[in-house]
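These figures come from a predicted structure and were not determined experimentally.
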Amino acid sequence: RDRDALQVASRRLSEVDHDVRVVTVPGIFSDARHALDSALVDRVDMLVADLGVSSMQIDASSRGFSWRADGAALDMRMDQGTGIDLASHLAAADHGTIASVLREFGEIRSAGRLASLIVEHRPRTTDELRILVTRIEAGETRKKLMARVFQALRIWVNDELGELDQLLAQVPDLVRSGARVVFVSYHSLEDRRVKAAMKDWERGCECPPRQPVCTCDRSPLGRRLNRKVVRAGEAELRGNPRAASGRLRGFQFVGAA
């Protein structure tokens, strides 16, 4: 989705010694079918989805993803070539919309109060938004609230959960029999969706227990590779502390076409 990230990935993958062909396709999760068609691929043997924002995006202070960025414009678009930036969203949205975003995507209890401040002041920079958050919360808990506010607004601007839902709905039609799929999520809103989808793929006949013959024609598509999420180990965390919030879930399709 981020064209800068695609350039970095293309450069790194071009240095791989193995005899592989690398094709990069800009797009969003809901474009998965188009991406495969662009690479002349019908179905895949493996799918890996790394969800959410990347370290490269957070560390690019000018893009406004981090509450620690000073004076950056509130952009937060993962693809700066399309869509509407966060400042424009906040300038146009009403109190109810903003409060709903903060409550649903950030699980923020003071969503209504903060939404009132945002509507009153219409922040356009990270500094302006950060000042409004400090009027809601003080002390050490302010940092946690700040992170949740920026997360909620980022998810909203990029429709991250909507895109994830569309990808999960497409997966069974994108994979071959025996394919493995892996999702790495970084907060509970993502992980709950992934877990629910995998449980659904694993579910078989839904007919009433006393019904003598199955009429639903539903059979399991495969099995979960891990019931509990896999998290980064100590060695990985020493080299990459941000991996601490990562949650990996895997699934193997055995009934796919």
Side-chain angles (χ1 to χ4, degrees), residues 1 9 28-33 35-36 41-55 58 78 103-109 144 147-148 151-152 154-155 158-211 213-257:
R1 186 171 190 171
I28 49 185
F29 281 153
S30 56
D31 286 341
R33 180 69 265 166
L36 293 185
V41 174
D42 179 30
R43 291 174 180 255
V44 299
D45 298 299
M46 180 176 65
L47 183 149
V48 179
D50 188 0
L51 309 180
V53 70
S54 72
S55 288
I58 292 174
M78 291 183 176
R103 192 175 297 113
E104 181 179 353
F105 301 150
E107 300 176 301
I108 296 168
R109 288 178 295 179
K144 294 182 179 179
R148 292 203 304 272
Q151 170 188 292
R154 185 202 83 223
I155 290 173
N158 296 287
D159 189 24
E160 292 179 39
L161 297 181
E163 286 296 319
L164 173 58
D165 287 340
Q166 292 195 59
L167 175 59
L168 289 167
Q170 293 181 59
V171 166
D173 296 322
L174 301 177
V175 299
R176 291 192 181 100
S177 180
R180 293 190 178 203
V181 301
V182 170
F183 283 77
V184 183
S185 57
Y186 293 88
H187 55 77
S188 58
L189 297 175
E190 296 171 336
D191 185 57
R192 282 199 292 265
R193 282 169 160 77
V194 173
K195 182 180 179 180
M198 290 185 176
K199 288 178 68 176
D200 183 64
W201 298 337
E202 199 175 43
R203 193 167 63 246
C205 175
E206 296 179 316
C207 295
R210 295 186 179 182
Q211 182 171 308
V213 179
C214 173
T215 57
C216 71
D217 292 326
R218 182 185 178 98
S219 58
L221 297 179
R223 63 181 182 86
R224 282 177 282 175
L225 298 175
N226 53 301
R227 297 283 169 169
K228 295 183 178 180
V229 295
V230 175
R231 294 184 178 272
E234 293 182 7
E236 183 175 358
L237 291 175
R238 283 195 295 270
N240 180 20
R242 287 177 177 172
S245 58
R247 312 172 191 188
L248 182 149
R249 293 186 186 275
F251 189 92
Q252 183 166 23
F253 284 85
V254 295

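Of the possible polar contacts, one joining the Asn226 side chain to the Leu248 backbone as a donor-acceptor pair under 3.5 Å is found. Looking only at distances, a side-chain donor or acceptor of Gln170 sits under 3.5 Å from a matching main-chain atom of Ser30. Proximity of a side-chain donor or acceptor of Gln252 to a complementary backbone N or O of Gly222 within less than 3.5 Å is not detected. In this structure a side-chain-to-backbone donor-acceptor pair under 3.5 Å is present from Arg176 to Arg43.
You'll find the side chain of Tyr186 reaches within 4.5 Å of the side chain of Asp50, heavy atoms only. Using a 4.5 Å heavy-atom threshold, the side chains of Leu225 and Arg223 count as touching. Side-chain atoms of Gln166 and Ile28, non-hydrogen and from C-beta on, never get closer than 4.5 Å to each other. Here the side chains of Asp165 and Arg193 are in contact, with some heavy-atom distance below 4.5 Å. Using a 4.5 Å cut-off on side-chain heavy atoms (C-beta onward), Ile155 and His187 make contact. Side-chain contact check for Phe183 versus Leu47: some heavy-atom pair is nearer than 4.5 Å.
Heavy-atom neighbours of Arg242 CZ from other residues, nucleotides or ligands within 6.0 Å: above the threshold of 12.
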Give the intermediate values and the outcome of side chain to side chain contact (heavy atoms under 4.5 Å, CB included) for residues Arg247 and Val194.
CA-CA 10 Å; Arg247 312 172 191 188; Val194 173; over 6 Å; no

Derivation and outcome, side chain to side chain contact (heavy atoms under 4.5 Å, CB included), residues Met46 and Val48
CA-CA 7 Å; Met46 180 176 65; Val48 179; 4.2 Å; yes

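Between Asp42 and Arg33, the closest heavy-atom pair is O-NH2, 2.7 Å.
Rounding to the nearest 0.5 Å gives a distance of 8.0 Å between CG of Leu221 and CG of Asp200.
Under a 4.0 Å N-O distance rule, the pair Glu202/Arg249 does not qualify as a salt bridge. A salt bridge links Arg154 with Glu160: at least one charged nitrogen is closer than 4.0 Å to a carboxylate oxygen.
Classified by interplanar angle (parallel below 30°, tilted 30° to 60°, perpendicular above 60°), the ring pair Trp201/Phe253 is tilted.
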